[in-house]
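Just below is one structure, and these are the notes that go with it.
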Protein chains: 4
Amino acid sequence: MNNNIVNLQDKLQALLLSQQGNFVQGSVADYIPALAKVNPALAGISVAAIDGKTVGVGDYQRPFSIQSISKVFGLVMAMNRIGDSLWQRVNMEPSGQPFNSIIQLEWEKGIPRNPVINAGALLVADVLTSHFSASKLAFLSFMRTLAGTEAIYVDNNVYQSELSHGNRNAALAYLMKSFGNIQADIPALLSHYFTQCSVSMSCEQLAQSLLFLANKGVDPRTNEVICSPKDAHRVNAILSTSGMYDQSGEFAFSVGLPAKSGVGGGIIAIVPGYGVICTWSPPLNKFGNSVVGVNLVAAIAEELGLSIYH
Amino acid sequence: MNNNIVNLQDKLQALLLSQQGNFVQGSVADYIPALAKVNPALAGISVAAIDGKTVGVGDYQRPFSIQSISKVFGLVMAMNRIGDSLWQRVNMEPSGQPFNSIIQLEWEKGIPRNPVINAGALLVADVLTSHFSASKLAFLSFMRTLAGTEAIYVDNNVYQSELSHGNRNAALAYLMKSFGNIQADIPALLSHYFTQCSVSMSCEQLAQSLLFLANKGVDPRTNEVICSPKDAHRVNAILSTSGMYDQSGEFAFSVGLPAKSGVGGGIIAIVPGYGVICTWSPPLNKFGNSVVGVNLVAAIAEELGLSIYH
Amino acid sequence: MNNNIVNLQDKLQALLLSQQGNFVQGSVADYIPALAKVNPALAGISVAAIDGKTVGVGDYQRPFSIQSISKVFGLVMAMNRIGDSLWQRVNMEPSGQPFNSIIQLEWEKGIPRNPVINAGALLVADVLTSHFSASKLAFLSFMRTLAGTEAIYVDNNVYQSELSHGNRNAALAYLMKSFGNIQADIPALLSHYFTQCSVSMSCEQLAQSLLFLANKGVDPRTNEVICSPKDAHRVNAILSTSGMYDQSGEFAFSVGLPAKSGVGGGIIAIVPGYGVICTWSPPLNKFGNSVVGVNLVAAIAEELGLSIYH
Amino acid sequence: MNNNIVNLQDKLQALLLSQQGNFVQGSVADYIPALAKVNPALAGISVAAIDGKTVGVGDYQRPFSIQSISKVFGLVMAMNRIGDSLWQRVNMEPSGQPFNSIIQLEWEKGIPRNPVINAGALLVADVLTSHFSASKLAFLSFMRTLAGTEAIYVDNNVYQSELSHGNRNAALAYLMKSFGNIQADIPALLSHYFTQCSVSMSCEQLAQSLLFLANKGVDPRTNEVICSPKDAHRVNAILSTSGMYDQSGEFAFSVGLPAKSGVGGGIIAIVPGYGVICTWSPPLNKFGNSVVGVNLVAAIAEELGLSIYH
């Protein structure tokens, strides 16, 4: 592994520059108005290493809507809270279907394929809603601890927008409830879920927050145990097979890192034993992943010789 | 990584012993008579390291029907032969469906989800049949080179059995042909495909043969380049997301190694930078993977601290 | 056609008697407690002819939960209210899927296959909820007019039970709303839908109420036009291809009448130019149709020489 | 029913004329070259009544490729040959899927939904191939008897074309064989099936040949029993729910007659108790049904007051 971090900032800067022409190859998420008006030319990169080194370029300190990246944090909270019983209610298999498909959920009797597709994340949200007296606050508190700052907020504009365009997620939740796999009231569950999705964070905050996944569950800045080594392994495994929607296989094939994307344009990639890469660029490809983000993570992984598959 | 190989043989022996009671938890493949009569109590383990060390216990030198493990070798041959054009005819996404599902193939207009489900392996067989004048011989020759011995044979009994029970594979092939994604005549294609599946090899031979995938494409015994580093990476990525049928996600979650199983009871697992594990035990679980094999690979990976996800 | 109605009562009595042993071959609907406690041995038959003759045997005057038979009435109301624009929001094709399948709805982008599967009936309920200021009252008023009595009520016990077990219908409704094919608020829509389903009527009332479908849209008792001849034709066509859930083809094959069943155990069958048959017996077969009811309608149709297919 | 047949010829002539502009709204079947070169402006109508009256206009005596209309004749032969055991190998439910879908066949374990979709017709062909020593001759002989002429031939050009583009049908057949629901060798089965499809007949011949279905199984010209009244009923029921591919429901809804179409542009419609309508016009709509043919049958049915649904 190339540890020559001194020049990394320059390299990241060059990489970001090389992607200027690619913003137009995707489209900013437009299913909710609040996301549709984001400036498509904003872009940032942050790389945080477990040894404490950290670099960032572009808009790496500007908060954006983390959207589905929140699924990683929700999953860790649920694993910590109810342990292995979680895996009786959600599988850990790749989905082979678009991320919000209701077909598979019906086929598999209300058991989501994995916790990072929408159905699975709703299931996780049900666990949190049912097991925390104030699950939204608990989630925010977890995020603030990991980010090392109280200044992590929910974007209320995004939240309201999600809520008023949440019919498909409601359908998924009611379908799971019809199979007996949801305990909470659906409105409360959706309120928690959309709160998670509507958190705003910067590349720098996200990269720092997820260092424990690259370090066997331990936050290297504080030595605090965030989750067990086994659970860090499991989360990385799930992100490797399923974190990039229906482009997960291609991402493994061409990049080779556990990763999770969000329709806000963010991508986080875990490098076990090394650190975390976070990129942000709003225009999305047909799979719902950031066009420039995928390119950037691929280039950084190749530049630094990081991949779990060789 | 625990490199203390001196005690490995003892540990493997103990592991194998500990699995004696588990043979009864699975059923030997019975879709063809030739496989149904294998002794379910046979079992072997071979671990080959790229530094040349190698250990084996149990029936590790006894040849068995490699079945779908042959898909790994066929894939490498096809990648070498036609390069990236292969990926216009087969995807690299996990399937989220049972391994021989025809539904997904119909949905995706004759493009298989990946090259290690049956449809994808038939596509690969089409490439080989169409691009080699004597594709079966070419395949055998490749296997013999990798195994370092001429004594690699096709089990004709298995081959005839496959041929007479190959209706579903014929259906998959004709369906792809109806979409224009198959060039060869189907009988020739199936003949090649079943030849591949009917090769017999031992755990020791398989582990040795696949060392190049743990070593960036180079066979460490001969320093011969078997495939490019990029293609070794790609194969490992595909095996990680899709190599264990519809248990691939769970295997990544609990074990964390690129692997491929066959209904003959074999499993190979690649440990990038370290070596190859091969196990054999015929009784299969509901996913078509060896019950004892999955347990053994999991235990060996944990014992040696091998996993790509932490 | 055998018009010898004088002996019909005796024949119906004999037919009903002959089915005594068959109650045990089905199971009373148990998805809601209110239906689960109905006495499985209750049974009735009513045959109403457009010439005014009417006969009934058994419990033919005892009200039961009409459930999905209400879909026929809702459909007629919606056709009358918004005309052919209805058919841009719902198709008229048989479904080829279990009656409440969400898979087909997803495949076909929120357009239900036909108005007598659950998704289609929810769509119809959306039309009624959106186009009547008090849609439940309007529905009840329509039923009372057709039945010729004010004594038609909603069983509140059934209604509350439906409401608290309505998650799958909620999922269907939210999914259609996510495709833009539902206008009403879902809770209001579901409240209307479950009100329809929870109406109680007797065999005699149902048979009388539907005479207009056997008489080109005109109620023969009052000469009032209930719907156009074309719409009566259309409803009969839809009931012929789709009225008996996933047993519709078999029912056409072996009986040959437009019909609609409900999980309350009722079946109505239209005989164009002749009249209406209504049977009631709670135990259901695996398709959700009354076991004894299917037998009875088949026997009556054969006895009277009634079928549209010869 | 309007029995004024004296003017029928004039009315049919006027109807045919009124459709001149509609040929361009469809496309001639082009999946095989032999069909693609048919003149799209050819068109004919024949109406045969069971009382012996018969009229025809346009190209009603010109033979065309009957294609899937042959499924009706094959079905009758198979019902006659093996009786009710047929219905253990094929269902009688509408499909709710495009006519050659392999998905449904997989879902339902190799049991086709009904005998007039491709999978079901292949199943029927298997029955004929397995139960007649010379099934193609037997089929031709049956057609010649019904048509009342020896001059019924297979178009060898079409046959060869079908054979070389039959991969999807091969896939369907092999899939059914993999479920144990096909007995014959697939090549022999396909040869029979494509022979059936490649028969050429005129509107007049088809209308005459099918009079028995309008007359409770008895050929009114000869008083010969072609099938039982029950089986005539059953065939009409199946054609009503499933005869017009995925437009069957709409055809019932707007026309209301048991009917079967073929991609050669023919449509036959049975009017129980009256006779048979046959139309021919090659350009097809998106469902595979003749654009002008659907219009013509609808207009004739309305003109003559023929529909089974009022």
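Within every chain, numbering begins at 1; the chains are lettered A, B, ... in the order of the sequence lines, protein sequences first and strands thereafter. If you're wondering where the values come from, they're calculated on a predicted model, not measured in any experiment. Quick note: numbers below take in every heavy atom, side chains included, and nothing from hydrogens, waters or symmetry partners.
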Heavy-atom closest pair, residues [X] and [Y]:
X: B/Tyr309; Y: A/Asn236; result: O-ND2, 3.0 Å
X: A/His310; Y: B/His233; result: ND1-CD2, 3.5 Å
X: B/Ile308; Y: A/Pro272; result: O-CG, 4.0 Å
X: A/Ala252; Y: B/Ala237; result: O-CB, 3.4 Å

(message) With a 4.5 angstrom heavy-atom cut-off, is it the side chain or the backbone of A/Val235 that approaches chain B, or both, or neither?
(response) neither
Heavy atoms only, distances under 4.5 angstrom: which of [options] has the most pairs with chain A? Name it, please.
options: B/Trp87, B/Phe251, B/Phe253; value: B/Phe253
options: B/Pro258, B/Ser240, B/Gly256; value: B/Ser240
options: B/Lys230, B/Arg113, B/Lys216; value: B/Arg113
options: B/Arg234, B/Glu108, B/Gln104, B/Gln247; value: B/Arg234

(request) Give a yes or no on whether the backbone of B/Met92 and the side-chain of A/Glu250 come within a donor-acceptor separation of less than 3.5 Å. (result)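 Here the side-chain-to-backbone pair does not exist.
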